[in-house]
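Notes for the one structure printed next.
All values derive from a computational prediction rather than experimental measurement.
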Amino acid sequence: MEYVSRETMGIREKLGILSDAAKYDVACTSSGVDRRGNGKDMGSALASGICHSFSADGRCISLLKILLTNECIYDCKYCINRRSNDVPRATFTPEEICDLTIGFYRRNYIEGLFLSSGIVGSPDVTMELLYRTLYLLRNHYHFRGYIHVKAIPGADPRLIEKTGLLTDRMSINLELPTAEGLRMLAPNKHRRNILTPMRQIQSGITASQNELAIYRHAPRFVPAGQSTQMIIGATGESDYQILRVAESLYQKFSLKRVFYSAFVRVNDDKALPAPTGGPPLLREHRLYQADWLLRYYGFAAGELLNEKKQNFNILLDPKCDWALGHLEQFPVEIQTADYQMILRVPGIGVKSAGKIVQARRSARLTFPDLKKIGVVLKRAHYFITCNGKQMYPVRLDEDFITRNLLYEREKLPFEKQQITYRQLSLFDDCRFQPVQEGEGIGWKSIS
C-alpha cells in the first residue's frame with residue numbers, strides 16, 4: 001500500500017502535534033515482559049516496569065508516547081482528532097518514528113515506545129503503517145526495548161497477527177462502556193468490530209503460550225498481554241454498569257488492564273455532557289480502586305455494587321464502603337482468619353495480608369506488629385481484633401465508623417496540586433529546548 005505523508009512539515013513540528021494529540025490515551029502501562037539484551041541488538045525490556053514520559057522535575061518517565069497520525073476518517077463526538085475538527089494535522093512516516101525512538105533511546109531519554117493512531121485512509125492502511133514501523137524497529141534497527149501498540153478495529157486479521165509478533169503489549173480501545181453509548185457518540189464505530197480483534201489477540205496469546213510450553217524458542221505473540229480503555233462520564237452509565245463491563249472483559253478476554261479515562265469536554269457538541277465541576281476525576285479514582293479489588297482482592301462486581309446501589313460513595317474508598325455495609329462479617333480475628341477474609345479488611349493490602357499469614361505461624365501478632373508489617377491501622381483497627389482484643393474500645397456501628405473514617409480523610413492522588421490535563425512532555429524542562437541534529441532530535445541548554 002502507498003501513503004503520502006505531509007512532507008513539508010518538519011519532524012520536530014510533527015512531534016509537537018502528535019505527542020500532544022496522544023495525551024488523552026491513558027492505556028499505557030508498565031512492560032510486564034522480560035527481554036534481556038543479547039549483546040548484538042539494541043535495548044531490553046524489564047517486567048519491573050517502564051515509566052510513561054519525561055518530566056522537568058527529574059522523574060524518570062521514559063516511554064515515548066505518540067500517535068502515528070492525528071488524521072482520522074471517523075467523527076467521534078468526544079475526540080479532539082475527529083474528522084470535523086479544524087486542528088493541525090500531521091502524520092509520521094514509519095522511518096521518522098524509528099529515527100525518533102532510536103535517537104531518544106541512545107540519549108537515554110526513553111526505554112520504549114507507546115504508539116497509537118487515528119485512522120488514516122482506512123483501518124488496513126493504518127494497521128499496515130503501524131506494522132511497518134514495528135518491523136523496521138525490530139529488524140532494521142534491531143530494537144529490543146518495550147513496545148506497546150494500538151490495534152485498529154476493522155483491520156485485516158493478518159496484519160494484527162503480524163504486528164502482535166513484534167510488539168510486547170497490544171490494546172484496543174473499547175471507547176465507551178456500552179454499545180448504546182458508542183452508537184450515540186461514535187456512530188462510525190461498532191462494538192463487534194472492537195471485540196473481534198480483542199478475541200483474536202486473546203486466542204493468539206493463548207496459542208503462543210501453549211507453543212512456548214513445548215518449544216522454548218517459539219515466537220512470542222503479545223507477551224505482555226492486552227489492555228483497553230473506557231471513557232467515563234461521557235454517557236450515562238452507572239458505576240455498576242461500568243464495573244460489570246470491566247469484570248466481563250477480564251473474564252472473557254483475559255485482559256491485563258482496563259483503564260478508565262475521566263471525560264474531558266474538548267469539543268462543543270450538544271450530544272456531550274457539560275460537567276459543572278470539570279472532569280469526574282474522583283469517580284475515575286474510585287473505579288480504579290474497585291478495579292483493583294476485582295483483580296487482586298477476590299471481589300465480584302455484584303458485591304461492591306448492585307441494582308439498588310449503582311454508584312460508589314465518592315467520600316469513601318470502595319473497600320471501606322463494602323465493609324461498612326457488611327459489618328456482620330467483622331471484626332476479623334487476625335490470628336485465625338483465612339487469607340481471603342484478611343484481604344477484605346480496609347487498610348490491609350495484598351502484601352500485608354501475605355505477611356500476616358506468614359508471620360502468625362511463628363508468633364502471636366500484636367497491633368504494633370501489624371503496623372510494622374504495613375497495615376494502615378487508622379482504618380483497619382475498626383474491623384479487626386488481635387488475640388481477641390480491639391486496639392481501642394470502639395463500637396461496631398456504621399455511623400460511628402463512617403464519621404471517624406471521614407474525619408481521618410483519605411489522601412487522594414490529585415489533592416494539593418493544580419489539576420491540568422496537559423500530558424508531560426519530553427520538552428518540559430525549561431532549561432533545554434529541542435534542536436535538529438542531522439537526521440535526529442537533540443537538546444541544547446538555554447540556561
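A pairwise comparison of heavy atoms in Pro177 and Val245 identifies O-CG2, 3.5 Å as the closest pair. When all heavy atoms are compared, the tightest approach of Leu324 to Thr402 is CD1-OG1, 3.3 Å. The two atoms that bring Phe263 and Pro280 nearest to each other are O-CD, 3.6 Å, heavy atoms only. Across every non-hydrogen atom of Tyr296 and Leu343, the tightest pair is O-CD1, 3.9 Å. Between Ile172 and Ala151, the shortest heavy-atom distance links the atoms CG1-CB, 3.6 Å. Annotation for Glu211 and Pro219: closest pair OE2-CD, 4.4 Å, computed over non-hydrogen atoms.
Note on Lys309 versus Asp321: salt bridge recorded, some NZ/NE/NH1/NH2 to OD/OE distance being below 4.0 Å. We find that Asp399 and Arg403 are not joined by a salt bridge, their nearest charged nitrogen and carboxylate oxygen being 4.0 Å or further apart. Taking 4.0 Å as the cut-off between side-chain N and carboxylate O, Asp168 and Arg138 count as a salt-bridged pair. Note on Asp239 versus Arg283: salt bridge recorded, some NZ/NE/NH1/NH2 to OD/OE distance being below 4.0 Å. Between Glu303 and Arg344, at least one side-chain N (NZ, or NE/NH1/NH2) sits under 4.0 Å from a carboxylate O, which counts as a salt bridge.
Ile384 is not listed as a side-chain neighbour of Phe330, based on a closest heavy-atom distance of 4.5 Å or more. With contacts defined as side-chain heavy-atom distances shorter than 4.5 Å, the pair Gln226/Met198 qualifies. Leu176 places a side-chain heavy atom less than 4.5 Å from the side chain of Tyr78. Using a 4.5 Å heavy-atom cutoff, the side chains of Phe383 and Leu327 are in contact. For the pair Leu370 and Cys386, the minimum side-chain heavy-atom distance is below 4.5 Å. Counting only heavy atoms from C-beta outward, the side chains of Leu67 and Ile17 never approach each other to under 4.5 Å. Within the 4.5 Å cutoff, no side-chain heavy atoms of Asn311 are placed close to those of Tyr240. Under the 4.5 Å side-chain criterion, counting only non-hydrogen atoms from C-beta, Leu293 is in contact with Leu304.
Using a 3.5 Å distance cut-off with no hydrogens or angles, the side chains of Asn387 and Arg364 do pair a donor with an acceptor. Gln340 and Tyr297 are not linked by any side-chain donor-acceptor pair at a separation below 3.5 angstrom, with hydrogens and angles left out of the test. For Glu237 and Thr178, the side-chain atoms include at least one donor-acceptor pair closer than 3.5 Å. Using modelled atom types and a 3.5 Å distance limit, the side chains of Tyr250 and Asp291 yield a donor-acceptor pair. Remark: the Gln241 side chain and the Arg244 side chain contain no N/O donor-acceptor pair separated by less than 3.5 Å. No hydrogens or angles considered: nothing links the side chains of Glu71 and Thr91 as a donor-acceptor pair under 3.5 Å. Side-chain atoms of Ser171 and His148 form a donor-acceptor pair, as typed in the model, at a separation below 3.5 Å. A donor atom on one side chain and an acceptor atom on the other are found under 3.5 Å apart for Asp369 and Thr366. A side-chain donor from one of Asp75 and Ser84 sits under 3.5 Å from a side-chain acceptor of the other. Judged purely by distance below 3.5 Å, without hydrogens or angles, the side chains of Asn267 and Lys77 never pair a donor atom with an acceptor atom.
Without hydrogens or angle criteria, Arg379 side chain to Val345 main chain gives no donor-acceptor distance under 3.5 Å. Looking only at distances, no side-chain donor or acceptor of Asn173 sits under 3.5 Å from a matching main-chain atom of Ile194. Within the 3.5 Å criterion, the main-chain N or O of Glu307 finds a donor-acceptor partner in the side chain of Gln310. Looking only at distances, a side-chain donor or acceptor of Asn70 sits under 3.5 Å from a matching main-chain atom of Ala90. Using modelled atom types, one side-chain atom of Ser203 and one backbone atom of Arg199 make a donor-acceptor pair closer than 3.5 Å. Asn85 places a side-chain N or O within 3.5 Å of a backbone atom of Ile80 that can act as its donor or acceptor partner. A donor-acceptor pair under 3.5 Å links the side-chain atoms of Asp124 to the main chain of Asp156, judged by distance alone. The main-chain N or O of Pro157 is found under 3.5 Å from a side-chain atom of Gln200 such that the two form a donor-acceptor pair. A donor-acceptor pair is defined here as one N or O able to donate and one able to accept, closer than 3.5 Å; no such pair exists between the side chain of Arg286 and the backbone of Pro318. When atom types are taken as modelled, the side chain of Asp269 and the backbone of Ala271 share a donor-acceptor pair closer than 3.5 angstrom.
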**Asked** Checking side-chain contact (heavy atoms from CB on, under 4.5 Å) for the pair Val149/Leu113: CA distance, chi angles, key distance, verdict?
**Response** CA-CA 8 Å; Val149 69; Leu113 171 68; over 6 Å; no
**Message:** side-chain contact (heavy atoms from CB on, under 4.5 Å), that's the test. Do Asp397 and Ile401 meet it? Break it down for me.
**Reply:** CA-CA 6 Å; Asp397 175 78; Ile401 297 173; 5.7 Å; no
**Message:** Run the side-chain contact (heavy atoms from CB on, under 4.5 Å) test on Ile348 and Ile334 for me, step by step, so that the C-alpha distance in whole Å, both residues' side-chain angles and the decisive distance to 0.1 Å come before the verdict.
**Reply:** CA-CA 11 Å; Ile348 298 182; Ile334 289 296; 4.2 Å; yes
**Request:** Determine, stepwise, if the pair Phe312 / Leu305 fulfils side-chain contact (heavy atoms from CB on, under 4.5 Å).
**Result:** CA-CA 7 Å; Phe312 289 114; Leu305 295 170; 3.6 Å; yes
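Distance check, rounded to the nearest 0.5 Å: CZ of Phe259 to CD1 of Ile231 gives 14.5 Å. The distance from the CZ atom of Arg360 to the CD atom of Glu333 is 9.0 Å, given to the nearest 0.5 Å. In this structure, CG on Leu68 lies 4.5 Å from CD1 on Ile97, to the nearest 0.5 angstrom. We find the CD1-OH distance between Ile110 and Tyr105 to be 9.0 Å, quoted to the nearest 0.5 Å. In this structure, CG in Leu287 is found 11.5 Å from OG in Ser261, a value given to the nearest 0.5 Å. Expressed to the nearest 0.5 Å, how far CE of Met127 lies from OG of Ser122 amounts to 12.0 Å.
Checked against the 6.0 Å centroid threshold, His381 and Phe367 do not count as a close aromatic pair. Between Tyr260 and Tyr288, the ring center distance clears the sub-6.0 Å criterion.
Under a cutoff of 6.0 Å and an axis angle of 45°, Lys162 and Tyr131 form a cation-pi pair. A cation-pi arrangement is present between Arg395 and Phe400 under the rule of less than 6.0 angstrom and at most 45 degrees off the ring axis. A cation-pi arrangement is absent between Arg169 and Tyr146 under the rule of less than 6.0 angstrom and at most 45 degrees off the ring axis.
With Ile147 as the fixed residue, the side-chain contact (heavy atoms from CB on, under 4.5 Å) test singles out one of Leu115, Leu137, Thr133, Thr101: Leu137.
Within 6.0 Å of CG on Leu406 lie more than 12 heavy atoms contributed by other residues, nucleotides or ligands.
His326 and Trp322 have parallel rings, their planes meeting at less than 30° on a 0 to 90° scale where 60° marks the start of perpendicular.
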